[in-house]
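Each remark here refers to the structure printed beneath this line.
Below, read A as the first sequence line, B as the second, and so on, with proteins coming before strands; counting in each chain starts at 1.
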Number of protein chains: 2
Amino acid sequence: MKTIEKYLTDSGIKPSYQRIRILSYLMNKKNHPTVEMIHKELLHDIPTLSKTTVYNTLKQFVEKGITQIINIEDNKTRYDADISTHGHFKCLNCNKVYDFRFDNKNLEISDIEDFDFLQTHLYIKGICNECKYLLNTKN
Amino acid sequence: MKTIEKYLTDSGIKPSYQRIRILSYLMNKKNHPTVEMIHKELLHDIPTLSKTTVYNTLKQFVEKGITQIINIEDNKTRYDADISTHGHFKCLNCNKVYDFRFDNKNLEISDIEDFDFLQTHLYIKGICNECKYLLNTKN
DNA sequence: TACATTATTATAATCGTTACAAAATTACAA
DNA sequence: TTGTAATTTTGTAACGATTATAATAATGTA
Ligand SMILES: [Mn+2]
Ligand SMILES: [Mn+2]
Ligand SMILES: [Zn+2]
Ligand SMILES: [Zn+2]
């Protein structure tokens, strides 16, 4: 609890109640939520929470570099408080988004060697293990 | 010209005039256009072209597997008639989207080894060579 | 030609997101 | 503490990309 406030302060963000709760949600759930998911969930505890506040807060988190945007969906943005470079796998059956690690340093890339790389996003879509099992036992 | 019609037919798509023109645009320009870009450009030649037709056509192309969706932008969808697995680099200065090749086979991925992979999207953002040069000479 | 099927178009509706201004909260000096 | 300025949150309206719907046009076929 205390650590999250300090993390916000150190990042140049005043630790308001809403901001603390939204960041806690991201850090604890680790579910790459949409704005809708965060708002719906926190509304139970904070009945006055505005969706605009969720949007504003996430925008600020991204600007201050403590949250990254995950664009694995066609339409809606997902957010991740894990700002390390890691990959995301979306299961096309259950729609869950999984983290995975990949060797960013040894990516063998051609054609754009001299460009300046600032962000790397690796998205893989397919069927997760759980669904593979479920789909097999069904048939 | 003839080849595009055959390509559509072989993919199970009736080669209407609009579909031929939209696919030609994708294949010739290779610029990962948005719906807006395609519509605006083709409107010069086909003044009656509806934006809905562009949407419908691209949806069909994706369903039939002859076009892939590029989600490198936050808000709008881009399309690519090159359905091979390749990476995309977006320059944060000039907003151009470049193709690049990467070694998909030798990607070193942990944690999700047993999942079924269906699509792999590698997006890198940064500054392209052209802009690097321009930005340097400016200062 | 006559009729059924398919494709295209125009328009309205939807949905995620952003803009804006009012209300609430917080910071701080008198 | 009190008054006032600055910041944060909220509600509502506006926006832009996309989808749904229904009418019109084009195409295929008997
Ligand atoms: Mn993640
Ligand atoms: Mn491409
Ligand atoms: Zn799954
Ligand atoms: Zn550039």
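Following rounding to the nearest Å, Tyr17(B) (OH) and dT9(C) (P) show an atom-to-atom distance of 11 Å. Atoms OH (Tyr55(A)) and P (dC15(C)) sit 13 Å apart, rounded to a whole Å. In this structure, the CZ atom of Arg21(B) is 13 Å from the P atom of dT9(C), given to the nearest Å. For the pair Leu42(B) CG and dT9(C) C1', the interatomic distance rounds to 16 Å; values are reported in whole Å. The distance from atom NZ of Lys76(B) to atom C1' of dC15(C) is 17 Å, rounded to the nearest whole Å. Going from atom CG of Leu58(A) over to atom P of dT18(C) covers 10 Å, rounded to whole Å. Separating the CZ atom of Arg78(A) from the P atom of dG16(C) is a distance of 12 Å, rounded to the nearest angstrom.
In this structure, the salt bridge (Lys or Arg N to Asp or Glu O under 4.0 Å) partners of Lys90(A), at least two apart in sequence or on a different chain, are Glu73(A).
The closest side-chain heavy-atom distance from Leu26(B) to Pro33(B) is below 4.5 Å. Looking at heavy atoms from C-beta onward, Asn71(A) lies out of side-chain contact with His121(A) at the 4.5 angstrom threshold.
Legend: salt bridge (charged side-chain N to carboxylate O under 4.0 Å, His left out) pairs involving residues 19-37 of chain B, not counting sequence neighbours, sorted by first then second residue: Arg21(B)-Asp45(B), Lys29(B)-Glu41(B), Glu36(B)-Lys51(B).
Between dT25(C) and Gln18(A), no contact under 4.0 Å exists linking OP1 or OP2 to a side-chain N or O.
For Glu63(B), the CD atom is densely surrounded, since the number of other residues' heavy atoms within 6.0 Å is greater than 12. The neighbour count for Glu130(B) CD, taken as heavy atoms of other residues, nucleotides or ligands under 6.0 Å away, does not exceed 12.
When the nucleotides dG16(C), dT9(C), dC20(C) are ranked by their closest atom to the side chain of Thr52(B), dT9(C) comes out on top.
Ion pairing of Glu108(B) with Arg101(A) is absent here, as no side-chain N (NZ or NE/NH1/NH2) approaches a carboxylate O to less than 4.0 Å.
Residue whose closest nucleotide on DNA chain D sits further toward the 5' end, between Asn56(B) and Thr53(A): Thr53(A). Each of Ile46(A) and Glu36(B) was assigned the nucleotide of DNA chain D with the nearest heavy atom; the assignment lying further toward the 5' end belongs to Ile46(A). Judged by closest nucleotide on DNA chain C, Thr48(B) is the one of Lys59(A) and Thr48(B) placed further toward the 5' end.
Counting non-hydrogen atoms under 4.0 angstrom, Lys14(B) reaches the backbone sugars and phosphates but no base. Across all strands shown, Thr34(B) has no heavy atoms under 4.0 Å from either base or sugar-phosphate atoms.
Contact footprint of chain B on DNA chain D: nucleotides with an atom under 4.0 Å from a non-hydrogen protein atom, first to last in 5' to 3' order, dA17(D) to dA20(D).
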